[in-house]
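Notes follow the structure.
Quick caveat: nothing in here was measured; it's all calculated off a predicted structure. Computed from heavy atoms alone, side chains included, the values below leave out hydrogens, waters and symmetry copies.
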Amino acid sequence: PAVALDDKDCLYVFGGYDLLAGHTLFRNDFLKLEDLSSEKWTILKNSCKIENKSLMISPRARTLLVACGNDVIPPDGGLFACGGYAKSSSGELIPVSEILCYNRSKKDWTYLSDIPNLKKLNIIAVDNNILVISDKIKSNNPDEEDQFIPISKYDLMNKKWLMINQKDISNVQVEETKTDS
């Protein structure tokens with residue numbers, strides 16, 4: 001599952017999979033542990049509204065989850081879930097390209113965008129309201145460490161892509177998905 005710890009010491013767990021007698025069951029559970037000394041998990045909402053429809057968040061594994069503080073939108077910070085893998089009806093793993101935002105005060109998910117040309121994700125971070133997606137570049141020299149380089153950047157305030165596949169883009173309008181308030 002994806003796991004994140006926020007600035008208030010709340011632990012969040014999202015998605016994942018179970019292996020049962022040779023069968024893989026993908027999950028879409030979203031759980032919160034109020035503080036690390038607590039023994040009780042809270043089940044949180046795992047659906048979001050897109051174009052006036054409430055949709056269940058698809059079960060997925062290997063999603064990346066990042067928790068942000070009060071200086072990041074939504075106004076009191078939030079959680080961002082990016083990518084992962086789902087299982088097709090034929091059993092194949094398919095990339096999930098969604099970026100979702102969980103607003104902790106409204107206790108609701110919002111769909112932000114699909115990640116263009118998604119193959120896989122290695123790391124995400126948020127810096128000055130910019131979601132940065134980075135990829136691992138293997139070093140050919142065994143004495144050097146592998147590096148992570150930004151490959152895509154998404155502006156959370158203006159809801160548009162700033163960089164895709166290491167190419168800066170400008171004046172490209174990304175269509176915003178309307179959500180219910």
Side-chain angles (χ1 to χ4, degrees), residues 1-19 24-33 35-37 57-74 76-88 91-102 104 109-170 172 174:
V3 178
L5 183 68
D6 73 8
D7 57 343
K8 297 174 180 120
D9 286 338
C10 293
L11 186 66
Y12 296 87
V13 176
F14 178 71
Y17 63 94
D18 291 327
L19 296 174
T24 305
L25 175 67
F26 280 65
R27 314 287 304 197
N28 68 347
D29 302 325
F30 183 44
L31 307 170
K32 175 183 176 181
L33 189 63
D35 69 56
L36 298 177
S37 62
I57 295 171
S58 62
R60 62 191 70 191
R62 297 190 177 167
T63 297
L64 298 178
L65 189 65
V66 63
C68 297
N70 294 343
D71 58 337
V72 176
I73 64 164
D76 69 340
L79 295 166
F80 297 92
C82 299
Y85 293 94
K87 200 171 185 181
S88 72
E92 294 179 69
L93 292 180
I94 52 174
V96 175
S97 62
E98 297 172 327
I99 299 174
L100 302 172
C101 174
Y102 184 75
R104 293 183 292 208
W109 285 102
T110 303
Y111 167 86
L112 296 179
S113 178
D114 280 339
I115 302 167
N117 308 317
L118 176 69
K119 294 179 183 142
K120 69 175 188 171
L121 291 172
N122 282 314
I123 192 168
I124 61 169
V126 175
D127 182 29
N128 292 323
N129 286 306
I130 305 293
L131 182 76
V132 180
I133 301 170
S134 298
D135 200 4
K136 187 180 203 178
I137 303 298
K138 287 203 159 282
S139 172
N140 292 329
N141 183 343
D143 295 329
E144 293 178 6
E145 290 187 22
D146 297 338
Q147 295 183 7
F148 286 93
I149 60 162
I151 57 168
S152 297
K153 294 180 180 180
Y154 182 76
D155 183 333
L156 296 167
M157 298 287 287
N158 297 305
K159 297 185 179 182
K160 69 178 191 173
W161 289 96
L162 304 174
M163 174 194 281
I164 298 175
N165 295 337
Q166 291 184 293
K167 293 185 176 125
D168 288 326
I169 56 176
S170 61
V172 176
V174 175

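- Remark: L33 engages L11, S38, W41 in a side chain to side chain contact (heavy atoms under 4.5 Å, CB included) (not counting sequence neighbours).
- Nearest heavy atom pair, residue G15 against residue P1, reads O-CB, 3.3 Å.
- Residues passing the salt bridge (Lys or Arg N to Asp or Glu O under 4.0 Å) test with K153, sequence neighbours excluded: none.
- You'll find the ring centres of F30 and Y102 inside the 6.0 Å limit.
- Side-chain contact between L79 and V66: absent, with no pair of heavy atoms (C-beta onward) separated by less than 4.5 Å.
- Between Y12 and L31 the shortest side-chain heavy-atom distance does not fall below 4.5 Å.
- Surrounding OH of Y17 are at most 12 heavy atoms belonging to other residues, nucleotides or ligands under 6.0 Å away.
- Between F80 and W109, a ring centre-to-centre spacing not shorter than 6.0 Å is recorded.
- One distance of note links CG of L65 with OG1 of T63; it measures 8.0 Å at 0.5 Å rounding.
- Each salt bridge (Lys or Arg N to Asp or Glu O under 4.0 Å) pair with one or both residues in residues 57-66, not counting sequence neighbours, appears once here: R60-E98.
- The side chain to side chain contact (heavy atoms under 4.5 Å, CB included) check on I137 picks up I149, with sequence neighbours excluded.
- With sequence neighbours excluded, the residues satisfying side chain to side chain contact (heavy atoms under 4.5 Å, CB included) with D146 are K136, K138, S139.
- Interatomic distance, CG of N28 versus CD1 of I57, reported as 7.5 Å (0.5 Å rounding).
- The closest donor-acceptor contact from the side chain of D155 to the backbone of K159 lies at 3.5 Å or more, if one exists at all.
- Annotation: the span from Y154 atom OH to I130 atom CD1 amounts to 10.5 Å, rounded to 0.5 Å.
- The number of heavy-atom neighbours closer than 6.0 Å to CG of N141, taken from other residues, nucleotides and ligands shown, is above 12.
- Within the 4.5 Å cutoff, the side chain of V132 has no heavy atoms near those of the V126 side chain.
- One distance of note links CZ of R104 with SG of C68; it measures 8.0 Å at 0.5 Å rounding.
- Between I99 and D114, the closest side-chain pair of non-hydrogen atoms is not below 4.5 Å.
- To the nearest 0.5 angstrom, D143 atom CG is 12.5 Å from N140 atom CG.
- A salt bridge links D29 to R27: at least one charged side-chain nitrogen sits closer than 4.0 Å to a carboxylate oxygen.
- Between the side chains of W161 and S152, no donor N or O sits under 3.5 Å from an acceptor N or O.
- Among residues two or more places apart in sequence or in another chain, the side chain to side chain contact (heavy atoms under 4.5 Å, CB included) test is passed with S37 by D35.
- Going from atom NZ of K160 over to atom CG of L112 covers 15.5 Å, rounded to the nearest 0.5 Å.
- Looking only at side-chain heavy atoms (C-beta outward), L36 and L5 come within less than 4.5 Å of each other.
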